[in-house]
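This report refers to the structure that appears directly beneath it.
Keep in mind it's a predicted model, so treat the numbers as computed, not measured. If you read the sequence from its start, that first residue is 1, and numbering goes on from there.
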Amino acid sequence: SDTIPVKTILEEAEEKSMSTGLVATSTIVHATPASFISHNLHRRNYEEIAADFLKTDIDFFVGGGKKYFDRRTLDDRNLIAELKAKGYQMSDYFSEDFEDVRITKDKFGFLTSDEEPLPVLSGRNYLLEASKKAVNHLSKKNDEGFFLMIEGSQIDWGGHANVSDYIVSEFIEFDKVIKEMVKWANKDKNTLVIVTSDHETGGYSINMGSTKDTLVTAFTSDYHTGTMIPVFAHGPGAHRFSGIYENTAIYNKMRMALNWEPLTDRN
């Protein structure tokens, strides 16, 4: 039978003249950011996913994975040069620290590492600054609003590694981002902030004997678990995100918050 290609939220936002952005502490072609910008059969086809950035008009992106753009094995394309030719201001960790970047063009991309970025514990520190620059940049581009996805990617990796300090340090950083985004939304009064995850990892538990300064922790797995995931929403349309539902329902809840028609009965 005929199939209808499903557009990502980011693609539909672009069609409606909204500004769009992605910020992640993984490579920018990793599973979560890729799902917002790319159409591919496999999440690890990183070079193919990177090439999909040339098929969109994303306005702002920050994450790792430089080698998938400029030292490719699939072909001899230099996607960074192609993005520059398309009007993007492109920079990377090798040229300058992110905190020193001045955004001078409408479209901006920064690659924070050659492959995966470092953990917070090893010195990575760009997520908060990138998130603040993203909302400030995207909100000034037009009057149609913006869609921005920010991922604290390595919280999950700490769960896979069963390393409590890894999880906690990444979560502390992400918590700072949440506070800044809520603060920005409160000032704007017309922005919905949604905070959630696709799954829990590790069966992580905080046990008796823990204090605010010292945690006694344990794990049941080094992979994803069936633990229920909270969804926190703040701002216009936040009421749609209460209750218990499949995580796939979040897609349509976001569509309805944007006054778009839902695509399924999961609403």
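- In this structure, Lys133 is not positioned above the aromatic face of Phe110 in the sense of NZ or CZ being under 6.0 Å from the six-membered ring centre and within 45° of the axis.
- Less than 6.0 angstrom separates the ring centroid of Phe69 from the ring centroid of Phe53.
- Pairs of residues two or more places apart, or lying in two chains, never qualify as salt bridge (Lys or Arg N to Asp or Glu O under 4.0 Å) while including a residue from residues 180-207.
- Atom CZ of Phe171 is surrounded by 12 or fewer heavy atoms from other residues, nucleotides or ligands within 6.0 Å.
- Side-chain contact check for Tyr204 and Ser164: at least one donor-acceptor pair (N or O, by modelled atom type) lies under 3.5 Å.
- Under the 3.5 Å distance criterion, the side-chain polar atoms of Asn142 are left unmatched by any main-chain donor or acceptor of Met18.
- Rounding to the nearest 0.5 Å places OG1 of Thr211 at 11.0 Å from CD1 of Ile206.
- By the 4.0 Å N-to-carboxylate-O rule, Lys55 lies too far from Glu11 to be salt-bridged with it.
- Between Glu99 and Glu129 the shortest heavy-atom distance is CA-CG, 4.5 Å.
- Between the side chain of Lys107 and the backbone N or O of Gly87 there is no donor-acceptor pair closer than 3.5 Å.
- No side-chain heavy atom of Leu79 sits under 4.5 Å from any side-chain heavy atom of Tyr68.
- For CD of Glu15, the number of neighbouring non-hydrogen atoms (other residues, nucleotides, ligands) closer than 6.0 Å is greater than 12.
- Within the 4.5 Å cutoff, the side chain of Lys141 has no heavy atoms near those of the Phe60 side chain.
- The two residues Asp57 and Tyr88 have their closest heavy-atom pair at C-OH, 3.6 Å.
- Side chain of Asp52 to backbone of His39: a donor-acceptor contact under 3.5 angstrom is found.
- Phe98 and Val177 fall within the same hydrophobic cluster, defined by Ile, Leu, Val, Met, Phe, Trp and Tyr side-chain heavy atoms under 4.5 Å apart, directly or through other members.
- For Glu170 (side chain) and Val120 (main-chain N/O), a donor-acceptor pair under 3.5 Å exists by modelled atom type.
- Glu47 places no side-chain N or O within donor-acceptor distance of the main-chain N or O of Asp75, the cut-off being under 3.5 Å.
- Hydrophobic clustering places Val29 together with Leu111 (ILVMFWY residues linked when any side-chain heavy atoms are closer than 4.5 Å, directly or through intermediates).
- Contact detail for Arg77 and Ala51: the closest heavy-atom pair is NH1-CB, 3.9 Å.
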- Query: What's the verdict on side-chain hydrogen bond (donor to acceptor under 3.5 Å, both in side chains) for Thr20 and Glu14, showing C-alpha distance, side-chain angles and the deciding distance?
  - Reply: CA-CA 7 Å; Thr20 56; Glu14 288 176 350; 3.2 Å; yes
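- Between Gly203 and Thr220 the shortest heavy-atom distance is CA-OG1, 3.3 Å.
- For the atom pair CG of Leu128 and NZ of Lys132, the computed distance is 4.5 Å after rounding to the nearest 0.5 Å.
- Distance CD1/Ile49 to OG/Ser38: 5.0 Å, rounded to 0.5 Å.
- Under a 3.5 Å cut-off, the side chain of Thr27 and the backbone N or O of Glu115 do not form any donor-acceptor pair.
- Transitive grouping of hydrophobic side chains (ILVMFWY, heavy atoms separated by less than 4.5 Å) keeps Trp157 and Leu127 in distinct clusters.
- Hydrophobic clustering (ILVMFWY, side-chain heavy atoms < 4.5 Å, transitive): Leu83 and Val101 are in distinct clusters.
- Checked against the 6.0 Å centroid criterion, the rings of Phe147 and Trp260 do not qualify as a close aromatic pair.
- Here the side chains of His160 and His224 are in contact, with some heavy-atom distance below 4.5 Å.
- The main-chain N or O of Arg102 is found under 3.5 Å from a side-chain atom of Gln89 such that the two form a donor-acceptor pair.
- A 4.5 Å side-chain heavy-atom check between Thr25 and Phe174 finds every atom pair outside the cut-off.
- Between His30 and Tyr46, the two ring planes are parallel [angle under 30°; tilted spans 30° to 60°].
- A heavy-atom distance below 4.5 Å is found between the side chains of Gln154 and Arg124.
- For the residue pair Thr196 and Pro230, the shortest heavy atom distance occurs at OG1-O, 3.1 Å.
- With hydrogens and angles ignored, the 3.5 Å screen pairs a side-chain donor or acceptor of His137 with a backbone N or O of Asp106.
- The distance from atom CG of Asp114 to atom NZ of Lys67, rounded to the nearest 0.5 Å, is 6.5 Å.
- Rounding to the nearest 0.5 Å places CE of Met181 at 14.0 Å from CG of Leu192.
- Side-chain atoms of Asp92 come within 3.5 Å of backbone N or O of Phe94 as a donor-acceptor pair.
- Contact check for Pro33 versus Phe61: no side-chain heavy atoms found under the 4.5 Å cut-off.
- Side-chain contact between Ile9 and Glu12 is absent, with no heavy atoms from C-beta onward closer than 4.5 Å.
- We find the CG-CG distance between Leu22 and Leu148 to be 7.5 Å, quoted to the nearest 0.5 Å.
- At least one donor-acceptor pair closer than 3.5 Å links the side chain of Ser153 to the backbone N or O of Ser26.
- Of all the heavy atoms in Tyr126 and Pro117, the pair that sits closest is OH-CG, 3.5 Å.
- More than 12 heavy atoms of other residues, nucleotides or ligands shown are found within 6.0 angstrom of NZ on Lys16.
- At a threshold of 4.5 Å between side-chain heavy atoms, the hydrophobic network of Ile, Leu, Val, Met, Phe, Trp and Tyr places Ile103 and Ile58 in two separate groups.
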